[in-house]
Undergrad: 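I am attaching a structure below and will ask some questions about it afterwards.
Here is how names work: the chains are called A, B, and so on, in the same order as the sequence lines, proteins then strands, and each is numbered from 1.
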Amino acid sequence: MTDAPAAPRKLFLLDAFALIYRAHFAFSKNPRINSKGMNTGAILGFTNTLVEVLQKEKPTHIGVAFDGPKKTFRHEQFPAYKAQRQAMPEDIGTAIPYIKQIIEAFDIPILILDGFEADDVIGTLAQRAEAHGFEEVYMMTPDKDYCQLVTDRIKIYRPAFMGNAAEILDLDHVLKRFEIERAEQVIDILGLQGDASDNIPGIPGIGEKTAKTLIQKYGSVENLIAHVDELKGKQQENVRNFAEQGLLSKELATIHVNVPLPFEPEQLCCSAPDEVRLTALFDELEFRQLAARVLKTGPTRTAVPISPAKGTKSSIPTGAGHQASLFAPAPGITEFIDDDEDARPGPQGPRRTLAEVPHQYHLIETPRLRQELLKFLLLQTEVSFDTETTGLDTMTARLVGMSFCWLPGEAYYVPVPQHDAAAAQALVDEFRPFLEHAGIVKVGQNIKYDLTILKHYGIRIGGPLFDTMLAHYLLEPDMRHNMDVLAETYLHYTPVSITELIGPRGKKQKTMADLPPADVSNYACEDADVTLQLKHVFEPRLQELGLLRLLNEVENPLVPVLADVEYEGVKIDSAAMGDYSAQLQGYITELEQQIYAAAGQEFNIGSPKQLGEVLFDKMGLGGGKIKKTKTGQYATGEEILSVLALDNPIAGLILEYRQLTKLRSTYVEALPQLVCEADGRVHTSFNQAVTATGRLSSTNPNLQNIPIRTEKGREIRKAFVPRDADHVLIAADYSQIELRIMADFSQDATMIEAFRNGIDIHSSTASKVFKVPLEAVDGEMRRKAKTVNFGIIYGISAFGLAQRLGIGRKEAVDIIDAYFQEFPAVKTFMDASINKARELEYAETLLGRRRYLRDINSRNATLRGFTERNAINAPIQGTAADIIKIAMIRIHEWLQKENLGTRMILQVHDELVFDAPRSEADYVIPRIKELMIGALPLSVPMEVEVGTGSNWLQAH
DNA sequence: CCCTGTTGG
DNA sequence: ACACGCCAACAGGGA
């Protein structure tokens, strides 16, 4: 008998830091924090990748490479190498020791060598393994530099990531991707095009495309330089001037495969993990699911029974479609159900999908079944519902169907007739008793959308609302609140993706109306089901954190208010916009000519790149001290140009040009295009769940940044007009709301007194800081005091104040010192805010709205400073947001109750705009003012300024 | 798709 | 030596 051929040897070499960074940032939107407050995302992500490769690929040999501790030869050659790369995030720093311990517990060798980076180590070992006859060598990394090492047997293994499957890059891939003949030429490509993330400069003007063509033609950087004469124009100049830099870049991109490291295959052999040690580590880190998967000795899991909701007897209307037995649990599911309620669930671990979870989703298509369903709906106290439509634009979308759910795992979908508006309306009307029922809580995800859709069918949703998107916004204000992600995170459940149903976004995208109702049913029912289950997860958490009242008394009641405001829209005088556009165009063309004349050449003024070159290279402006942006371009921002304007008129012309083109493109040209055909008005969307502080934001268009500060900008407000000649616009502004909140929070006696006596706050501050009588305060002093007052709210520094005021640093220090001497309680309050945030790791508004400040105790001074300023600003800005939200709810409620014709049409952070019948204005104004002032009484009086006019500018 | 620059509070 | 006041949306350039 001959020897059996030896089993193929399969080596995996992992690039530790690259994988760790990637894992860390994958979790950055949804950090995993364990009960000790440790961010374990990087560790979990890395370990998952490791486990996956061990289980799926079953390597015979494996090693994990780390960068060596000392600077590498690359830093010596080129000091800027990786210089602009940010310091390692703290969470990664703390993660590294754990990751090393886990690797050790798996009995995998850690490869590390002083003065060399992981890629050199991996490159060296990969080539030696190939030389030793290894059949397969995989370099595990997301980094494209490694492409230069790929051969028949050495490949790149990119681990699965954010839904993308793992990917193996072989020689074919590499040659095609870079359009080269030999893998080594990757370094020539990189040498020419550079690599921003590693600060490898490359040659200016050569990007990916150009690099490929040049290397195809010349084969290498050296040969290109030798034939530089054959190139043309600017390119020739660049290659000639930056030849050195190109060669150096190539050198930097080269992975060195002669690292003094012995290749000892037996050291790299895969062996069994140390289960005791792993158990201890996973236990400490609270990786329960991972432990169960890896160690197979975790506690036995039991299925969570689907609990019947309170107050419901039968759960399935008779005859409502499928038999329960059709939906028996999938075999083996029990072991996947997580019993881990306390730890925040992360987006890892086994996922359950529609096919795996017991559910009963019913398609309700006959009049009899609809009546039966309605009967049940009317028996509930709380129902989650969802609408399916033909698109996302509420003004044009048509209803396709509605789904309802009041028991987890059980939902009903009612298709709406298409192509027959009357029949569709009739069907919606069937459900009116439920939809408008004032006693049934309506649960939804982004329920404003459903409200608006149904409003087009004449339905005014009744009863308290519960929006799971807003619930999550209060729990995690700086995250995203996408339902699919929430389901994965909190329910360990993967909903059917909409893309699967209607295809990717694009020209040929289907809509829900193009699908058979049975297909839509599954999707729609699942959404209602998931939404209800999310509510059940979020509600107790909100209760614990003291956020339930804020949700139920502010955010949820604001939803129908915003739906009405958006639905109402704003009238825009498009003709006036058109005239103004032509006028602006005239100014702009004139400016262009003047700028070209001053520069002595034509160029694209709108390109910061070209502009910088013209101003600084060609014209030699700036006198030596020229600032650059972080990407190495010339900085040409407002502050820079206004300084230059003192010496050269071109800078002023450019600023004016910028202002006018901004006005034209962003407002004058864009707004008329967004006028809705059906009613001739512009309908913005107010997003209630994006800002970290609790403010609203406005998109499509953003009506919260319509110009007002400059004369030419203000003009645009004249085009915002009442609905007709019998109406007027009313604008009501809170005056200095944030400073009043500061006075209340700090209880500073001087500040409170000024507000109580109705003294102009900026003059009052000026009088105190500059130690002159109130009457002696001049415009300049008031201006400075105003800047100081705003600076205080934002947690200003002497540097910042000096910059803003254009004064010396010393003077700024003096002003700030004087300020704190005169307003000592403000200083105390600011310190206390920071201390409280250090303790709690969050800041909160008067109503308990939180902003998490997890970096407040960071050792990174810059990051900490940033977070400290947030600790001061977030409660103030957030409380102002709370206050105006309450006012909006009360005013809306009052306008409805009194059946008035006045409509709220805009909110701009501290301002509300109304469109009112002329005859009503005198009646509503005092009440609007009263409701705004009284929304949330503070220890200082609130002031509201109200104006009216036949356009928005006049109303101010 | 990211960057720079502008608009608002 | 470095960075340096908060919260947003949108347009255009350049790859």
Undergrad: Measure from the side-chain heavy atoms of A/Y794 and tell me the nearest of C/dC6, B/dT7, C/dA8.
TA: C/dC6
Undergrad: How long is the line joining CG of A/N700 and P of C/dA11, in whole Å?
TA: 9 Å
Undergrad: With respect to the side chain of A/L655, which nucleotide from B/dT4, B/dT6, C/dC10 is positioned closest?
TA: B/dT6
Undergrad: Parallel, tilted or perpendicular: which describes the rings of A/H481 and A/Y473, with under 30° parallel and over 60° perpendicular?
TA: perpendicular
Undergrad: Evaluate the ring planes of A/F603 and A/Y596, with Trp represented by its six-membered ring, and classify them as parallel (under 30°), tilted (30 to 60°) or perpendicular (over 60°).
TA: perpendicular
Undergrad: Phosphate oxygens OP1/OP2 of C/dC6: is one of them under 4.0 Å from a side-chain N or O of A/R869?
TA: yes
Undergrad: Round to a whole Å and report the spacing from CG of A/N702 to P of C/dC7.
TA: 17 Å
Undergrad: Expressed as a whole number of angstroms, how long is the span from A/F686:CZ to B/dG9:C1'?
TA: 13 Å
Undergrad: Could you state the interatomic distance from CG (A/L663) to OG1 (A/T710), rounded to the nearest 0.5 Å?
TA: 6.0 Å
Undergrad: A/D910 CG to B/dG8 C1': how many Å, rounded?
TA: 10 Å
Undergrad: Can you name the nearest heavy-atom pair linking A/L621 to A/I650, along with the distance?
TA: CD2-CG2, 4.1 Å
Undergrad: Please determine if A/K836 forms a cation-pi arrangement with A/Y842, meaning its NZ or CZ atom is less than 6.0 Å from the six-membered ring centre and no more than 45° off the ring axis.
TA: no
Undergrad: With a cut-off of less than 4.0 Å, is there a side-chain N or O of A/S607 near OP1 or OP2 of C/dG14?
TA: yes
Undergrad: Strictly below 4.0 Å, heavy-atom distances to any atom of DNA chain B: list the hits from residues 706-718 of chain A, or just say none.
TA: A/I706, A/P707, A/I708, A/R709
Undergrad: Check every strand shown and say whether A/Q877 touches a base, only sugar-phosphate, or nothing at a heavy-atom separation below 4.0 Å.
TA: base
Undergrad: Find the distance A/Y667:OH to C/dG12:P and express it as a whole number of Å.
TA: 12 Å
Undergrad: Touch check for A/E738, heavy atoms < 4.0 angstrom, all strands: base, sugar-phosphate only, or nothing?
TA: nothing
Undergrad: Quick one: is the NZ or CZ of A/K628 closer than 6.0 Å to the six-membered ring centre of A/Y634, and within 45° of its axis?
TA: yes
Undergrad: Counting C-beta onward and ignoring hydrogens, is there a side-chain heavy-atom pair between A/V788 and A/I816 closer than 4.5 Å?
TA: no
Undergrad: Can you check the A/N604 CG to B/dC3 P distance for me, whole Å?
TA: 20 Å
Undergrad: Among the candidates C/dA8, C/dC4, C/dC10, find the nucleotide nearest to the side-chain atoms of A/S697.
TA: C/dA8
Undergrad: Where along residues 656-665 of chain A does a heavy atom fall under 4.0 Å from DNA chain C?
TA: A/K662, A/S665
Undergrad: Does a side-chain N or O of A/R851 approach OP1 or OP2 of C/dC7 to a distance below 4.0 Å, or not?
TA: yes
Undergrad: Could you tell me how far apart A/K609 (NZ) and C/dA15 (P) are, to the nearest whole angstrom?
TA: 6 Å
Undergrad: For C/dA3 and A/T862 - does any side-chain N or O of the residue sit under 4.0 Å from the phosphate oxygens OP1/OP2?
TA: no
Undergrad: Send over the distance from A/L696 CG to B/dG9 P, rounded to a whole Å.
TA: 15 Å
Undergrad: To the nearest 0.5 Å, how far apart are CD in A/Q688 and CG in A/L470?
TA: 4.5 Å
Undergrad: Any base atoms under 4.0 Å from A/G637, or only sugar-phosphate, or nothing? Heavy atoms, all strands.
TA: sugar-phosphate
Undergrad: Check for me whether A/R717 meets the cation-pi criterion with A/F720, that is, NZ or CZ under 6.0 Å from the six-membered ring centre and within 45 degrees of the ring axis.
TA: no
Undergrad: What integer number of Å spans the P atoms of B/dT4 and C/dA3?
TA: 14 Å
Undergrad: Quick check on C/dG14: is either OP1 or OP2 less than 4.0 Å from any side-chain nitrogen or oxygen of A/Q610?
TA: yes
Undergrad: For A/A692, answer base if it contacts any base atom (sugar-phosphate contacts may also be present), sugar-phosphate if it contacts only those atoms, and nothing otherwise; contact means non-hydrogen atoms under 4.0 Å.
TA: sugar-phosphate
Undergrad: Against A/S698, only a single residue in A/V908, A/L703, A/L906 fulfils side-chain contact (heavy atoms from CB on, under 4.5 Å); can you say which?
TA: A/L703
Undergrad: What nucleic acid atoms does A/Y734 come within less than 4.0 Å of, heavy atoms only: base, sugar-phosphate, or nothing?
TA: nothing
